[in-house]
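Following: one structure in structure tokens, then a few remarks.
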Amino acid sequence: MDRTLIQEILEVVEQAAIASAHLTGLGKKDEADAAAVEAMRKRMGLIQMQGRIVIGEGERDEAPMLYIGEEVGTGSGPGVDFAVDPCEGTNLCANSQRGSMAVLAASDRGGLFNAPDFYMKKLAAPPAAKGKVDIRKSPTENIQILSDCLGIAISDLTLVVMDRARHKDLIAEIRSTGARVQPISDGDVQAAIACGFAGTGTHCLMGIGAAPEGVISAAAMRALGGHFQGQLVYDPAVAQTQEWADYTKEGNIARLNEMGITEVDKIYEANELASGENVVFAGSGITDGLLFDGVKFEADCTRTSSLVISTLDSSARFTNTIHIKDGAKSISLN
Ligand code: VTB
């Protein structure tokens, strides 16, 4: 991978965000996702690379585009692996709520963990707490460590947790320490990455979300120098999700084993989930969020706000782009 890829990847997420944004607030989450997928794939097709989807919309027989194993790009050039989530937070997008975005992570061939479509227990924290907090420790211990590392009183710490039945005890424990909980309905990728920057008001992400998106969060946090750990969740009693109503713990372990994951309780560090020599994260807002705004449609242009974090040049670029319409007459500065 080289630096020219940064600009290309930015355009990929911008195009996906614009496509989904046409459908925000219409209650059509599948359509919003499909539009983002199509736009992302189309723009990826123009990049001089031998691209490959390692995390995408699902297996080949269940997803027409951006399926796992799909080759993307022109077919010549560097080998690049992608983990994509063209519309992260589809419910947020469908309901025009804050925090949906088009995201992806890219790395050199073999540089992203091929996460199964399972759940993942996650811990994200700022760079100052990297390697100090630990997913093996209790939430109470980690909150004390966070407070010490950040120099912020426990009562001033805000921890983001997805608002799910499975987190009832976690939320109660966090509150018992005196720290604040910000429950979110969806979108733990944005919450994880927000921990990587000071001033976002988000100091930590704890709890269980989707595993594939954990790889995207890990790539961003590795490039930022923040803390991220993940551990696969295979017990339906822990995940407490309707989707696993007919699954058993033993069956899930067998599924993981079939995929080659035998150490099912392994704790993955950010640099194991995103292990390539270089990693790039890119996200573009569909709706407004913590890190950047969503797409704005105007008479003469469309505006996008995005973030690309890259180890290629150790940068985090916040970018506002004006996409000019044919015959535009007046484009305001902002
Ligand atoms: C979603 C989504 C998150 O995890 O909720 C999902 O909003 C899985 O959790 O951003 P549920 O099945 O309980 O909804 C994420 O996709 C990412 O980890």
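Index from 1, following the sequence.
Without hydrogens or angle criteria, Thr287 side chain to Gly99 main chain gives a donor-acceptor distance under 3.5 Å. Proximity of a side-chain donor or acceptor of Asp81 to a complementary backbone N or O of Gly110 within less than 3.5 Å is detected. Distance alone, capped at 3.5 Å, places no donor-acceptor pair between the Ser284 side chain and the Ala17 backbone. The backbone N or O of Gly131 sits less than 3.5 Å from a side-chain atom of His227, completing a donor-acceptor pair. Formation of a donor-acceptor pair under 3.5 Å by the Ser107 side chain with backbone atoms of Asn278 is found in this model. Between the side chain of His203 and the main chain of Pro126, no donor-acceptor pair closer than 3.5 Å is present. A donor-acceptor pair is defined here as one N or O able to donate and one able to accept, closer than 3.5 Å; no such pair exists between the side chain of Arg175 and the backbone of Arg180. Under a 3.5 Å cut-off, the side chain of Lys29 and the backbone N or O of Leu92 do not form any donor-acceptor pair. In this structure, the side chain of Arg43 does not engage the main chain of Ala16 through any donor-acceptor pair within 3.5 Å. Remark: the backbone N or O of Ile152 is paired with a side-chain donor or acceptor of Ser147 at under 3.5 angstrom.
Heavy atoms of other residues, nucleotides or ligands lying less than 6.0 angstrom from CD of Glu38 number 12 at most. Around OH of Tyr247, the count of heavy atoms belonging to other residues, nucleotides or ligands within 6.0 Å does not exceed 12. Annotation: Asp163, atom CG; neighbour count of heavy atoms from other residues, nucleotides and ligands within 6.0 Å is above 12. Residue Gln242 places its CD atom among 12 or fewer non-hydrogen atoms of other residues, nucleotides or ligands, all under 6.0 Å distant. More than 12 heavy atoms of other shown residues, nucleotides or ligands fall within 6.0 angstrom of atom NZ in Lys296.
In this structure, a donor-acceptor pair under 3.5 Å is absent between the side chains of Gln15 and Glu11. If you check the side chains of Arg317 and Ser315, you find a donor sitting under 3.5 Å from an acceptor. Looking at Asn320 and Ser305, their side chains do bring a donor and an acceptor atom within 3.5 Å of each other. Side-chain atoms of Glu173 and Thr140 include a donor-acceptor pair closer than 3.5 Å. Side-chain N/O atoms of Asp265 and Tyr234 include a donor and acceptor closer than 3.5 Å.
Scanning both residues, Asn257 and Thr262, for their nearest heavy atoms gives OD1-CA, 3.6 Å. The two atoms that bring Ala194 and Thr200 nearest to each other are O-OG1, 2.9 Å, heavy atoms only. Across all non-hydrogen atoms, the minimal contact from Ala179 to Ile143 is CB-CG2, 4.2 Å. For the residue pair Ile68 and Gly56, the shortest heavy atom distance occurs at CG1-N, 3.9 Å. Considering all non-hydrogen atoms of both residues, Gln48 and Thr74 come closest at CA-OG1, 3.2 Å. Taking each heavy atom of Glu272 and Ser275 in turn, the nearest pair found is O-CB, 4.0 Å.
At a threshold of 4.5 Å between non-hydrogen side-chain atoms, the residues Val308 and Val280 count as touching. Residues Arg98 and Gln190 are not in side-chain contact: their nearest non-hydrogen atoms beyond the backbone lie 4.5 Å or more apart. Arg222 is not listed as a side-chain neighbour of Phe228, based on a closest heavy-atom distance of 4.5 Å or more. Counting heavy atoms from C-beta outward, Asp33 and Ser20 have side chains that stay 4.5 Å or more apart. Side-chain contact between Ile309 and Ile193 is present, with at least one heavy-atom pair separated by less than 4.5 Å. Counting heavy atoms from C-beta on, the side chains of Phe281 and Val279 never come closer than 4.5 Å. Side-chain contact between Met162 and Leu205 is absent, with no heavy-atom pair separated by less than 4.5 Å. Annotation: side chain of Val72 is in contact with side chain of Leu66 (closest heavy-atom distance under 4.5 Å).
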- Task: Please test His323 against Glu14 for side-chain contact (heavy atoms from CB on, under 4.5 Å), starting from the C-alpha separation and ending with a verdict.
- Result: CA-CA 10 Å; His323 306 264; Glu14 285 179 343; 3.2 Å; yes

- Verdict with reasoning, Met44 to Val84, per side-chain contact (heavy atoms from CB on, under 4.5 Å): CA-CA 11 Å; Met44 276 180 156; Val84 304; 3.8 Å; yes

- Message: Run Met40 and Val13 through side-chain contact (heavy atoms from CB on, under 4.5 Å) and show every step you take.
- Response: CA-CA 7 Å; Met40 185 173 267; Val13 289; 4.2 Å; yes

- Please report the C-alpha distance between Lys325 and Asp300 in whole Å, then the side-chain angles of each, then the deciding distance to 0.1 Å, and finally whether the salt bridge (Lys or Arg N to Asp or Glu O under 4.0 Å) criterion is met. CA-CA 5 Å; Lys325 290 185 186 167; Asp300 289 335; over 6 Å; no

- Does the pair Leu157 and Cys204 meet the rule for a side-chain contact (heavy atoms from CB on, under 4.5 Å), with working shown? CA-CA 8 Å; Leu157 291 176; Cys204 187; over 6 Å; no

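How far SG of Cys195 is from NZ of Lys130: 14.0 Å, rounded to the nearest 0.5 Å. Annotation: the span from Ile55 atom CD1 to Phe113 atom CZ amounts to 8.0 Å, rounded to 0.5 Å. For the atom pair Asp235 CG and Thr248 OG1, the distance stands at 9.5 Å (nearest 0.5 Å). Distance check, rounded to the nearest 0.5 Å: CG of Leu232 to CE of Met120 gives 5.0 Å. One distance of note links CD of Glu277 with CG of Leu312; it measures 9.0 Å at 0.5 Å rounding. In this structure, the separation between OG on Ser306 and CG on Asp293 is 10.5 Å, given to the nearest 0.5 Å.
Aromatic ring orientation, Trp244 versus Phe118: perpendicular (interplanar angle above 60°, classes split at 30° and 60°).
There is no path of hydrophobic side-chain contacts, each under 4.5 Å, that joins Val160 to Ile154. In the hydrophobic cluster analysis, where Ile, Leu, Val, Met, Phe, Trp and Tyr join through side-chain heavy atoms closer than 4.5 angstrom, Phe318 is grouped together with Met101. If you chain together hydrophobic residues whose side chains sit under 4.5 Å apart, Val37 and Tyr67 never meet in one group. Hydrophobic clustering (ILVMFWY, side-chain heavy atoms < 4.5 Å, transitive): Leu150 and Phe197 are in distinct clusters. By the rule that hydrophobic residues join a cluster once side-chain heavy atoms approach within less than 4.5 Å of another member, Val54 and Val80 end up as members of separate clusters.
For Lys266 and Tyr268, the positive end sits near the middle of the six-membered ring, less than 6.0 Å away and at most 45° from its axis.
A side-chain hydrogen bond (donor to acceptor under 3.5 Å, both in side chains) with Glu70 holds for exactly one of Arg52, Arg41, Arg60; it is Arg41.
At a threshold of 4.0 Å, the pair Arg164-Asp186 counts as salt-bridged, since one of the basic side-chain nitrogens sits closer than that to a carboxylate oxygen.
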